[in-house]
Protein chains: 2
Amino acid sequence: MQQRIEIFKALSDETRLRILNLFIKTGKNLCVCELMDGLKLPQYTISKALQVLKNINLLKYEKEGTWVYYKLNEDLPENKLLIKFLKAFLQTEVFEEDEKRIADRLSLRENDKCVVGIIPEKELLKLIKDKK
Amino acid sequence: MQQRIEIFKALSDETRLRILNLFIKTGKNLCVCELMDGLKLPQYTISKALQVLKNINLLKYEKEGTWVYYKLNEDLPENKLLIKFLKAFLQTEVFEEDEKRIADRLSLRENDKCVVGIIPEKELLKLIKDKK
DNA sequence: TTAATATATGCTCAATAATGCATATATTTA
DNA sequence: TAAATATATGCATTATTGAGCATATATTAA
């Protein structure tokens, strides 16, 4: 019972829903610094939100050097229904800005790996502009 | 966005999940005093939980005299997916006792209406025993 | 109009969670 | 080994929520 309640608690937060939305919409694994730019939120906010989602096993992660790539834990049978539900539930335009920003940020990947890290917004926008 | 968060907050509570489970499992409308006996919780706890679920439009209600019958708001299109999800999500044995108690309590209805009100447990058990 | 009954709600205290900052950890590179 | 970088976490403050009690409201019946 308590375990089920924890799932809903984890979903009762704007930052965590925005993060989940990006995993769902991009269908990709994402690292902390990419999510920072997608949501325009500080590192510790993203990191703490990820821990909560990991604790309910909705996310899993892989380390690659100092980078940590999180992704939806879609293999876990008990998650299938929930993820399906979330996909429909999050079908709304309120996340559009996040989705645009993460798309731009992901365009900077090389071989589908993050190579940028944490950089000032100004510098980020320049990189993106150059890329286009 | 905030509205969506409120939905998950409303589901992040044991009493409210137990109540929802009874609506889902019985498929019936239920009044406050019946839920009191199903969950063995005080009147104000049930009543407050119902207000929260009503506020997110997951429940609706009908008054009949001093009795108030709540039920799942299944007509509302945006609830269909959520209720479907909850049906599967609450598929667990942890609610068995609640379900037994509400079944007993509902056996005391006449013309499918509550006629018992709020009564001491001892008296309730006697009524149920006599009925059987 | 009074009493009884079903339900709702205001209030206080305790528990829980979010926020923001500072710092810790772990890995890579020089 | 030291510096730099990506990520995680401890802590203090604030905000939110739950529990329990008392009481209010609304309807019915005497």
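Computed from a predicted model, the values in this text were never measured in an experiment. What's counted below: heavy atoms across the whole structure, side chains too, no hydrogens, waters or symmetry copies. Every chain is numbered from 1, with letters handed out A, B, ... down the list of sequences.
- Y70(A) and Y61(A) have tilted rings, their planes meeting at an angle from 30° to 60° on a 0 to 90° scale.
- If you measure from atom CH2 of W67(A) to atom P of dA8(D), you get 13 Å, rounded to the nearest angstrom.
- Following rounding to the nearest Å, I119(A) (CD1) and dA4(D) (P) show an atom-to-atom distance of 19 Å.
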Show your working on side chain to side chain contact (heavy atoms under 4.5 Å, CB included) between E6(A) and Q2(A) and close with a plain yes or no.
-> CA-CA 6 Å; E6(A) 291 306 320; Q2(A) 195 54 39; 3.1 Å; yes

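- Remark: K113(A) qualifies as a cation-pi partner of Y69(A) under the 6.0 Å distance and 45° angle criteria applied to the six-membered ring.
- One interatomic measurement links the two molecules: NZ of K113(A) to C1' of dT28(C), which rounds to 17 Å at whole-angstrom precision.
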Per-nucleotide protein contact along nucleotides 19-30 of chain D, 5' to 3', at a 4.0 Å heavy-atom cut-off (B base, S sugar-phosphate only, - neither), is -BBB----BS--

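- Scored by the side chain to side chain donor-acceptor pair (under 3.5 Å) test, R16(A) finds no partners at all (sequence neighbours excluded).
- Both the sub-6.0 Å distance and the 45° axial angle are satisfied by R4(A) relative to the ring of F89(B).
- Residues of residues 24-41 of chain A that place a heavy atom closer than 4.0 Å to DNA chain C do not occur.
- The minimum heavy-atom distance between L90(A) and K25(A), with the atom names listed, is O-NZ, 3.5 Å.
- Taking atom CD of E14(B) as the reference point, atom C1' of dG18(D) lies 13 Å away to the nearest angstrom.
- Atoms CG (L53(A)) and P (dA17(C)) sit 15 Å apart, rounded to a whole Å.
- Inspection of the E78(B) and N57(B) side chains reveals no N or O donor paired with an N or O acceptor under 3.5 Å.
- Regarding contacts with the backbone of dA8(D), a side-chain N or O of Y70(A) is found under 4.0 angstrom from either OP1 or OP2.
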